[in-house]
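Beneath this line is the structure, given in structure tokens, with notes to follow.
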Amino acid sequence: MKALIQELVEAYGPSGHEGTVRNLIRRHVEPLCDEVRVDAMGNLIALKRGDGSGRRVMLAAHMDEIGVIVSHVDEKGFLRFGTVGGVRPTQVLGTRVLFGNGQQGTIGQEQPASPDEKPSFDKMFIDVGAPNKEALTVGVGDVACFQRPFADLGQRLMSKAMDDRIGCAVLVQALRDLKPSPHDVYFVFTVQEEVGLRGAVTSAYGVAPEVGIALDVTIAADTPEAAHMNMALGKGPCIKVKDGGMLAHPGVKNLMVATAQRLGIPYQLEVLLGGTTDAMAMQTSQAGVAAGTISVATRYVHSPSEMVDYDDVLNSVKLLVGILSAPIVL
Amino acid sequence: MILQQLANASGPSGREEAVRQVVIEAIRDHVDSYQVDGLGNCIALKRGAAPAADGRSRRVMVSAHMDEVALMIVQITGEGLLRFRKIGGIDDRVLPSKRVLVGEKRVPGVIGCKPLHLLHDAEFGQVAASDDLYIDIGASSAAAAERLVQRGDYAVFDTPYEPWPQARLVKGKAFDDRAGCAVLVELLRGDPYPFDLYGVFTVQEEVGLRGARVAAYAVDPDAAIALEGTICDDMPKKKDISSTTVLGQGPSITIMDRSMIADRRLVQLLIDTAQAEGIPYQFKQPLMGSTDSGTIHLAREGVPTTVVSIPSRYIHSPVTLLSLDDLENTVKLMRAALIKLADLEL
């Protein structure tokens, strides 16, 4: 599965520019599904039909990643920028960025007024090495992602965009591993999650599921002096109880716990203090959806070096396949 | 010019009737039907020149919001002064010493401001918080004030429309978004388009894009463009940074704002149209502000959407300035782009 993960995390796909990722995923899922379509927002919706005895289930993993957008080109050819999704000023100085047309650049800043001045985006710029303004190949409105290669550290994997290509990879692998299921399962690869769950809003409306499960990353708090949360690398898939945007449906949460226990899969309960996932958008779609989330504990979320545990990823696939292979009683 | 009537009308969020009446008078003879929905949106339908072969014509929604930022009276003091709260985004700096019109009777008032002679040292250079300000309508008691004004009445800025012909500029209040309304009226008064055009004049944009949400659900469009009077910050700056938009440099096209990432096909259509027709255009600085497009593009299964804006200096203040050239070029660009939109693959 590592090859699939590497392929997905290294692809270019900031919010609103998910085409490359979508094409990669489409190649993997099309032969395994009964129907594949792309909706008006760009969500990839792949349906694997059940035997008619089960539920209508929507699985969501988002294809987009955080990035930056050019807001102004100055006379010398430096690019001022804004952020696409939750990018923090402390994470970006000196990082490299990659535009959709292949143009690379780095992020620099104005001379700080004092050595301890906090970095802020309004004093930063992207330098693509253009000798002058006329030589630029990018301009206002062009979007870049952070550039950082995939690193296989053995048990742990590190890259940009684990959030949420790891969820996409789990969905693709689950589709490969899934034997005939009683349920109509919609594998939805969503757009624009990082700017407000927007793809999930419209795809959930279109799919109109009874049960929704998001696959996403969550904050691992197992590093020195981390926030007071329990999620840790290597302790199994995180089963969401609550995050900053939703309370997981108790029936969905309990189903996940019972399935993990039945199959002997390690798991951890997740209470995430801030942030949310596509499950929040699914939960309040149409007349309401029983929604939950399986998360992969991830260190350094929204940095260019997000780290996950490989066993957690494999166990997330197992847990998901286990849920989809049995009747869903909430 | 319809902009004059539209801008002079009072239309605080939630009480857009006066603006809607101007709109309806202007469009009723040029559309196939119009209706006012449960929230007060005016949804006008201008049918396509010929129905599509499959019987289902493409539906395109063009919207502009009727409401403006305003004040609401929350308390009448024993002295007959009116305490207020802000409706929509208003900076406290722009309030003191401004003229307002209160309630349906349009009672003239001023927002009181202490003369500098009376300021304590600590007050110099400070902006008075809006909660501490009051509107003075000249009433000498609570009873006198209550004969003219009730709690819950709105106050809007009293800034009559005024052309500045030497510069092809106009001055007035609420060009955000009466400028968009004026463009949309012009689009509806012209020839039919090759599809069903829904001209939607929305309510309550300034308090959270609320009217557009339900209107887009009802219209269920195949594509949408929101028209806006937008931020224009083209004064000289110390640094080489963005002006958001520049007055007189043409309609501005949105690629991404805080509420929406625009559909690239629509953006490209607008660029191609502007270039083909020789109409000046500019890109709005990404990530500035949010518009009705934010809720429109998320309606039902999603709608390809963008925004075309008329640069307006000093929006969300009592006085805004815009260029008639920009306004006319926006009408031209939209007309030409809408005709081409019929053939755009969506």
Side-chain angles (χ1 to χ4, degrees), chain A residues 14-19 37-43 45 64 67-85 87 100 110 121-125 133 139-143 190-208 281 285-286, chain B residues 59 209 213 216-217 220-224 231 233-234 237-246 252-268 270-271 281-290 293-307 344-346:
Chain A
S15 308
H17 298 263
E18 299 88 352
R37 67 186 179 93
V38 177
D39 75 6
M41 291 281 285
N43 298 298
I45 302 173
D64 63 315
V68 290
I69 181 167
V70 177
S71 60
H72 177 68
V73 178
D74 81 10
E75 283 306 314
K76 292 178 177 166
F78 293 98
L79 312 170
R80 297 283 176 169
F81 64 92
T83 58
V84 178
V87 182
E110 301 170 11
F121 290 123
D122 60 2
K123 296 197 169 178
M124 295 184 196
F125 47 82
K133 193 177 177 180
V140 171
D142 286 326
V143 175
T190 62
V191 297
Q192 300 189 29
E193 191 268 359
E194 297 290 0
V195 290
L197 320 179
R198 295 180 193 162
V201 168
T202 61
S203 56
Y205 183 93
V207 169
S285 184
Q286 298 219 8
Chain B
R59 286 199 293 271
L209 323 180
R213 179 189 300 274
Y217 182 89
D220 190 14
D222 300 305
I231 305 159
D233 177 31
D234 56 351
K237 293 186 171 48
K238 286 181 187 161
K239 286 207 275 187
D240 185 354
I241 54 175
S242 175
S243 300
T244 306
T245 65
V246 179
S252 94
I253 301 167
T254 295
I255 296 169
M256 176 181 184
D257 64 22
R258 289 196 298 113
S259 64
M260 173 217 56
I261 297 173
D263 186 277
R264 295 303 296 213
R265 296 162 297 189
L266 292 177
V267 169
Q268 198 58 48
L270 289 160
I271 295 169
Y281 71 96
Q282 51 188 321
F283 295 118
K284 181 174 168 183
Q285 181 187 8
L287 298 169
M288 294 298 282
S290 50
S293 64
T295 48
I296 294 168
H297 83 294
L298 297 180
R300 295 187 186 239
E301 289 193 67
V303 182
T305 302
T306 189
V307 185
L344 187 68
E345 198 163 313
L346 288 170

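In what follows, chains are A, B, ... by sequence order, proteins preceding strands, each numbered from 1. Just so it is clear, the structure is predicted and the values come from calculations on it, not from any experiment.
Atom CG of B:Leu298 and atom CD of A:Gln192 lie 8.0 Å apart (nearest 0.5 Å). Note that NE2 of A:His72 is 8.5 Å distant from CD of B:Gln285, once rounded to the nearest 0.5 Å. Going from atom CG of A:Asp122 over to atom NZ of B:Lys239 covers 6.0 Å, rounded to the nearest 0.5 Å. Residue A:Tyr205 holds its OH atom at 7.5 Å from CD of B:Glu301, rounded to the nearest 0.5 Å. Of the inter-residue distances, the one linking B:Leu287 atom CG with A:Phe121 atom CZ reads 11.0 Å to the nearest 0.5 angstrom. B:Ile241 CD1 to A:Asp74 CG: the interatomic distance, rounded to the nearest 0.5 Å, is 11.0 Å.
For B:Arg264, the part sitting under 4.5 Å from any heavy atom of chain A is the side chain, from C-beta outward, and nothing else. Within the 4.5 angstrom heavy-atom criterion, only backbone atoms of A:Val70 (N, CA, C, O) approach chain B. In this structure, the portions of A:Ser71 lying under 4.5 Å from any heavy atom of chain B include both its backbone and its side chain. At a 4.5 Å heavy-atom cutoff, A:Ser285 makes no contact with chain B through either its backbone or its side chain.
Of all the heavy atoms in B:Asp240 and A:Arg80, the pair that sits closest is O-NE, 4.4 Å. Between B:Ile261 and A:Arg198, the shortest heavy-atom contact is N-NH1, 3.5 Å. Shown here for A:Val140 and B:Pro286, the closest heavy-atom pair between the two residues is CG1-CD, 3.7 Å.
Summarising the local packing, NZ of A:Lys133 is surrounded by more than 12 heavy atoms from other residues, nucleotides or ligands at distances under 6.0 Å.
Ion pair A:Glu110/B:Lys238 not flagged as a salt bridge, since none of the NZ, NE, NH1 or NH2 atoms sits closer than 4.0 Å to an Asp/Glu carboxylate oxygen.
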Do A:Val195 and B:Met260 pass the side-chain contact (heavy atoms from CB on, under 4.5 Å) test, and can you show the C-alpha distance, the side-chain angles, and the key distance before you say yes or no?
-> CA-CA 8 Å; A:Val195 290; B:Met260 173 217 56; over 6 Å; no
